[in-house]
> 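Questions regarding the structure given below will be posed in turn.
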2 protein chains.
Amino acid sequence: MQSDVVASRSAEHRDSRESKNGTPPLDAVSLGIIEQLQEDGRRPYAAIGKAVGLSEAAVRQRVQKLLDQGVMQIVAVTDPLTVGFRRQAMVGINVEGDTEAIADALTDMAEVEYVVMTAGSFDVLAEIVCEDDDHLLDVINKRIRALPGVRSTESFVYLKLKKQTYMWGTR
Amino acid sequence: MQSDVVASRSAEHRDSRESKNGTPPLDAVSLGIIEQLQEDGRRPYAAIGKAVGLSEAAVRQRVQKLLDQGVMQIVAVTDPLTVGFRRQAMVGINVEGDTEAIADALTDMAEVEYVVMTAGSFDVLAEIVCEDDDHLLDVINKRIRALPGVRSTESFVYLKLKKQTYMWGTR
DNA sequence: GCCACTCCTGCGAAATCCGCAAGTCTCGGT
DNA sequence: ACCGAGACTTGCGGATTTCGCAGGAGTGGC
């Protein structure tokens, strides 16, 4: 169930470079499967198979592998404001020293939902999801700014979420 | 199938304020359902019902309503880098005039996956997902900066995505 | 007190999921 | 060039799940 990582780079010679940490690039069929599941995460395997030209069992195995490899995850996503988390913010962080270490530390925080290393006037962007102002303040001032190597931060409190899609590949 | 939007504000008197545009706040049971589906978007309704103390049919109806209302969506999410979109960026935008109009215009762009209005030194944050540098440059310079009312923009090109979860409610 | 509305439950039929065994193909070694 | 290994694919039952529908319980409005 795990040795396939090595082998699945077979019959695909149109894609030269790997995209990240050893995960093989995806072929057109897997892309199609992902596309189907981005439209509806609960779509039956048989319907997906019909769309991408595969049998139901084949789709099932591919989906399972994609999930196991961590290439995709099938989840419910919500607007946090609707679910009771009333304070969110994007925090831009400047780091001196090991940027990746800071990013890892942020990753370990439960309130941090999104961490990305960037080029530009911030080294790291982190999205924070909290229940109220006190909680948000605590995370930013007590926890993030306390990390060794954090030079400065700038916060952007969310006022309104306008769009949130996961449709890349579907266009 | 659509008139329920008007009617569904009834039997809820335990929660005073609405979270956004008329959508009623969620009760503990719906929260529990969402939590289950955030762990696994394909979890069977019967299993969810056992976890939250409801029948299979009741869970099914609630899930359907949550989807119809747009409170949640069940989708496959991926790391865009793995799927062939090699250039992403967060763009901070300053607006003069109608901020919401700009946000709506951004929402209509296919390459824009995430739009949020913020307080702070940017009025709007938008996440862009593109295939390559040319594509990204085109979107930022030709399309976003061309919008009437956009005063200035600042881009943060993604170098590495470190964390991406959808587990709020599950902690 | 009655009506309108929502929500939950129970059940049978249809569809789907899941594991298994065998066939096909490509790649790599000899 | 042959041969074996590994992975992908296919087809097929049985268990599970999904789906639609009808009935009952609880609640607010008139």
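Predicted model only: the values in this text are computed from it and were never measured.
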> Find out whether A:Ile128 and A:Leu136 are in side-chain contact, i.e. whether some heavy atom of one side chain is under 4.5 Å from a heavy atom of the other.
yes
> Rounding to an integer number of Å, can you tell me how far A:Gln61 CD sits from C:dC20 P?
12 Å
> Please assess B:Lys160 against A:Val116 for the test side chain to side chain contact (heavy atoms under 4.5 Å, CB included), listing each intermediate value before the final yes or no.
CA-CA 6 Å; B:Lys160 184 168 189 176; A:Val116 58; over 6 Å; no
> Nearest whole angstrom, please: distance from the C1' of D:dA7 to the CZ of A:Arg62.
11 Å
> Sort out for me which residue in B:Phe156, B:Tyr158, B:Phe122 forms a ring pair (Phe, Tyr, Trp, His ring centres under 6.0 Å) with A:Phe122.
B:Phe156
> Is B:Thr118 close to A:Gln88 at the side-chain level, that is, under 4.5 Å between some pair of heavy atoms?
no
> What is the separation between atom CG on B:Leu66 and atom C1' on C:dT6, rounded to the nearest whole Å?
15 Å
> Kindly indicate whether the side chain of A:His135, heavy atoms from C-beta on, has any atom under 4.5 Å from the side chain of A:Glu111.
yes
> For nucleotides 14-19 of chain C, just jot down a letter per nucleotide in 5' to 3' order: B, S or -, based on protein non-hydrogen atoms under 4.0 Å.
--SBBB
> Can you tell me how far P of C:dT24 sits from CG of A:Leu54, to the nearest Å?
18 Å
> Walk me through whether A:Thr78 and B:Gln73 qualify under side chain to side chain contact (heavy atoms under 4.5 Å, CB included).
CA-CA 7 Å; A:Thr78 63; B:Gln73 43 184 332; over 6 Å; no
> Without decimals, in angstroms, what is the distance between B:Lys50 NZ and C:dC8 P?
19 Å
> Salt bridge check: are A:Arg62 and A:Asp27 linked by an N-O gap of less than 4.0 Å?
yes
> Does B:Lys65 make a side-chain N or O approach to OP1 or OP2 of C:dC7 shorter than 4.0 Å?
yes
> If you round to the nearest 0.5 Å, how far is CG of A:Leu125 from CD1 of A:Ile93?
8.0 Å
> Report for the helix from C:dG1-D:dC30 to C:dT30-D:dA1: angle between first-end and last-end helix axes, five pairs each, rounded to 10 degrees.
40°
